[in-house]
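Below is one structure, written out as structure tokens; comments come after it.
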Amino acid sequence: MDVIQPSLFDESRPYIKGKLKYEIFHNTDNLYTVSKIKIVEATEDIDDKEMTVVGYYPSLLEGELYTFWGQVKEHPRFGRQYQVDYFRKELPQGREGVIQYLSSDLFPGIGEKTATRIVDTLGEKAITLILENPDVLQQVPRLSEEQRQLMYRRLLEYQGLEQIMVKLGEYGIGLSLSIQIYQTYAERAMQVLEDNPYQLIEDIEGIGFKRADAIARAMGIRYDAPERIRAACHYFLWEQAEQNGHVYYPLELVIPGVQKWLNKQGEMESGEQEIDQGRIEQQLLELAEEGKLILEDDRLYLPSLFFAEKGFAKKVKQLVKRRVELPVSHDQFLRALGELEDRLGIQYAESQKQAIEQALHSSLMILTGGPGTGKTTVIKGIVELFAAIYDLPLDPNVYAQREEPFPFLLVAPTGRAAKRMEESTGLPAFTIHRLLGWKGGQEFDYSEDRPLEGKLLIVDETSMMDQWLANQLFRALPDDIHVILVGDQDQLPSVGPGQVLRDLLDSGQIPVVELKDVFRQAQDSSIISLAHQIKNGRLQEDITQPKPDRRFFPCSSDQVVDVVSRVCQSALNKGYTPKDIQVLAPMYRGKAGIDALNEALQQTFNPPAEHKRELKVKDHIFRVGDKVLQLVNNLEQHVFNGDIGEVTAILLAQETKEQEDQLVVAFEHKEVRYKKSELHQLTLAYCCSIHKSQGSEYPIVVVPVVKSYQRMLRRNLLYTAITRGKEYLILCGEKDAFDAAIDREEAAIRYTHLKETLQEWLAGNHS
DNA sequence: GGCTTAGA
């Protein structure tokens, strides 16, 4: 068996070997599994007798021996456990072990006598020998053909990985992919593959139609096999949704698109014919009939997106149809608003007052407006007045004491935007996922079966909410809730399919308040005028010309890191603090990517010094004084995705009671310690993604725009980035790239039917 | 290729 690459299971890596006692938890969707293991052998730092083993692996066989590679983790609730990277099943050891194994229930029809005979004939290495060449079983006396076959088949199944790897190798599947396949299907891997190799597309990330097709063809699947055509249809739609944001795709465009995929030149074997459009259409219609795709008129949907669009529209209709009786008169409202203004020491503009009043009157309303028009201020006003009018305290502690749910639900699609909302309202705000209690896969705690409790829901940065998530949120809403959607359709669209905010606005069926007056920047700000030009897709000036509040530094991709660093240095020299300056880029990877920029900017903002401690993690360094961003929610420590803090101390292993290097970060209201093993939760925050920045604003923003960002460059990306700047905007990069970004409009071609559905269901006035 | 993300 020297076919197996030994590098896969590097014996020098920490491992534990043990027998499965029982399974504690197993999620069939994503294979998140928790099991109890009786340890037989382990690397030196582990002397436990038993261990809880956690990770993504299939259900294992009780009583069988496995080796797990990974590391020990401390779970705040469940204590010490082993986090698995990968695992393999061990062959039974010793004469007795092998006999016991072969005579177990796993091999029906093989009893102890037969098992003993096998081991007597083939020796202790019987299993390996059989797996290498099943013909050796013929040497064993009185073993029927049937028993021999069963033996070999079962062994293949149970001793999975090695064998599967060899087989997969024959189909041109490499090592890392083989592991993924094995981790997903375990012993069933070969079975799944033989039944339908295209199943890999759905189950394994990183396998698309092309890879699965190559495997399928290597396995001898015919060029015109129905499953090949069906897989192409399904995956074509999926890709349109995933990559281009389409909720449906027109049937007449699906057919030629799929045909192109199927008829790749040079891949046809002799005697095989091109697949014509008729055959594709036939398979599409069959898929639609079986409910695997949905065809409405000439619109072809993936079922999940069809139901998301319709379900969302239905709930919107319900909300819009509901009448709201405000318990106070217009005069009483104005009085309450006046009191609020006094209390906050602010003065609402007329348009803002109207927005607040309209919001209180609506069961569903959209609040929209460009950057700096005061949407945030209005959100605060809506919450405060809603509380005043319905006599609801705004202090979460009051509800906690009464064991009642907090009636104000504030959410946003990104952690950073939720954080901003929390800061501006002084109330708890969450990501949509967190509010809904995400459970992994496509499951949430809350749905129509268990609705959220609340009186007022405000969604900020709604433009980034995709169709599927919008439906998940809306289906979980109680009937009597007020919903305010806040957003700017010219900013970033959702990563996922759909253009929910735009469709809602365009439908004309939902009350909208648009804020137009700009308060943030001075009216004559050249940032705002540039933003308008970008929004309209026409640049009317030479952007390379300096303005009092704006500069453009030409440079290439290779120079971006250098130029950005120098720009930041000169801002620092002028007296701005690191907090005032934010660099924004669209993507992480590459020479001009966020990661590279952060690394360089660390030198500028927080250079090494003798007294400053550093902690090296993998290939980057954290240093005392660094500005850092929390990337995931950490409920135990009460820090959340989007929180920004500063490294205040680094403790060496010998100084801590856990004997592990630690990093201390000061967030706004608390200090958090990170063990070295937890540092993946943090990243440097000198430069952050434009997506994350939506909703935030900074005195100075520095935005590199170069051709290497091409994939991401879009009009609304640029618009979002530059409108983050309050006082000063620095662009650097290639003018061509800048122009190209403006020319590339995103949402023009997202196929969605939400607008029309709403118009049909609501305008027709049939209730 | 940008976003979200807990589980016994």
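In what follows, chains carry the letters A, B, and so on, assigned in the order in which the sequence lines appear, proteins first and then strands, with residues in each chain numbered from 1.
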Between B:dG7 and A:Tyr32, is there a base-stacking contact, meaning the centre of the base's six-membered ring lies under 5.5 Å from the residue's ring centre while the planes stay under 30° apart?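 A stacking contact exists, since A:Tyr32 sits close and nearly parallel to the base ring of B:dG7.
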Within the modelled atom types, does a donor on one side and an acceptor on the other bring the side chain of A:Tyr56 and the base of B:dG7 under 3.5 Å apart? yes
With a 3.5 Å cut-off and heavy atoms only, can you find an N or O donor on one side and an acceptor on the other between the side chain of A:His433 and the base of B:dT5?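 Looking at the base of B:dT5, it does not pair with any donor or acceptor on the side chain of A:His433 (distance under 3.5 Å).
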Starting from [atom2] on [N], measure out to [atom1] on [X] and report it in whole angstrom.
X        : N     : atom1 : atom2 : result
A:Asn633 : B:dA6 : CG    : C1'   : 10 Å
A:Asp445 : B:dA6 : CG    : P     : 11 Å
A:His26  : B:dA8 : NE2   : C1'   : 13 Å
A:Asp460 : B:dC3 : CG    : C1'   : 16 Å
A:Leu473 : B:dC3 : CG    : P     : 21 Å
A:Gln442 : B:dG7 : CD    : P     : 19 Å
A:Trp468 : B:dT5 : CH2   : P     : 13 Å
A:Gln83  : B:dA6 : CD    : C1'   : 13 Å

Got a second to check how far A:Ile432's CD1 is from A:Leu409's CG, nearest 0.5 Å? 11.5 Å
Answer with base, sugar-phosphate or nothing: what part of the nucleic acid does [X] contact at a heavy-atom distance below 4.0 Å?
X        : value
A:Gly496 : nothing
A:Asn641 : sugar-phosphate
A:Gln81  : base

With sequence neighbours excluded, residues passing side-chain hydrogen bond (donor to acceptor under 3.5 Å, both in side chains) with A:Tyr248: none
Just to verify, what does A:Arg211 make a side-chain hydrogen bond (donor to acceptor under 3.5 Å, both in side chains) with, not counting sequence neighbours?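 Partners of A:Arg211 under the side-chain hydrogen bond (donor to acceptor under 3.5 Å, both in side chains) test: none.
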For A:His691 and A:Leu631, take the nucleotide of DNA chain B holding the closest heavy atom to each; which residue's nucleotide lies nearer the 5' end?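 That would be A:His691.
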Between A:Val495 and A:Val632, which residue's closest nucleotide on DNA chain B lies nearer the 5′ terminus?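 Looking at the nearest nucleotide for each, A:Val495 comes out on the 5' side.
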Whether the A:Gln472 and A:Tyr446 side chains hold a donor-acceptor pair (N or O, under 3.5 Å, no angle test) is what I'd like checked. no
Answer with yes or no whether the side chains of A:Asn641 and A:Gln630 bring together a donor and an acceptor at under 3.5 Å.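 There is no such pair (donor and acceptor under 3.5 Å, judged by atom type) between the side chains of A:Gln630 and A:Asn641.
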Closer than 4.0 Å, any side-chain N/O of [X] to the OP1 or OP2 of [N]?
X        : N     : result
A:Thr52  : B:dA8 : no
A:Ser494 : B:dC3 : no
A:Lys692 : B:dG2 : no

Nearest to the [X] side chain among [options], which nucleotide is it?
X        : options             : result
A:Thr414 : B:dC3, B:dA8, B:dA6 : B:dC3
A:Tyr588 : B:dG1, B:dT5, B:dC3 : B:dC3
A:Phe78  : B:dA8, B:dG1, B:dT5 : B:dA8

Please determine whether side chain to side chain donor-acceptor pair (under 3.5 Å) holds for the pair A:Gln71 and A:Gln83, giving the CA-CA distance in whole Å, both sets of side-chain angles, and the decisive distance to 0.1 Å. CA-CA 5 Å; A:Gln71 51 276 318; A:Gln83 204 117 45; 5.4 Å; no
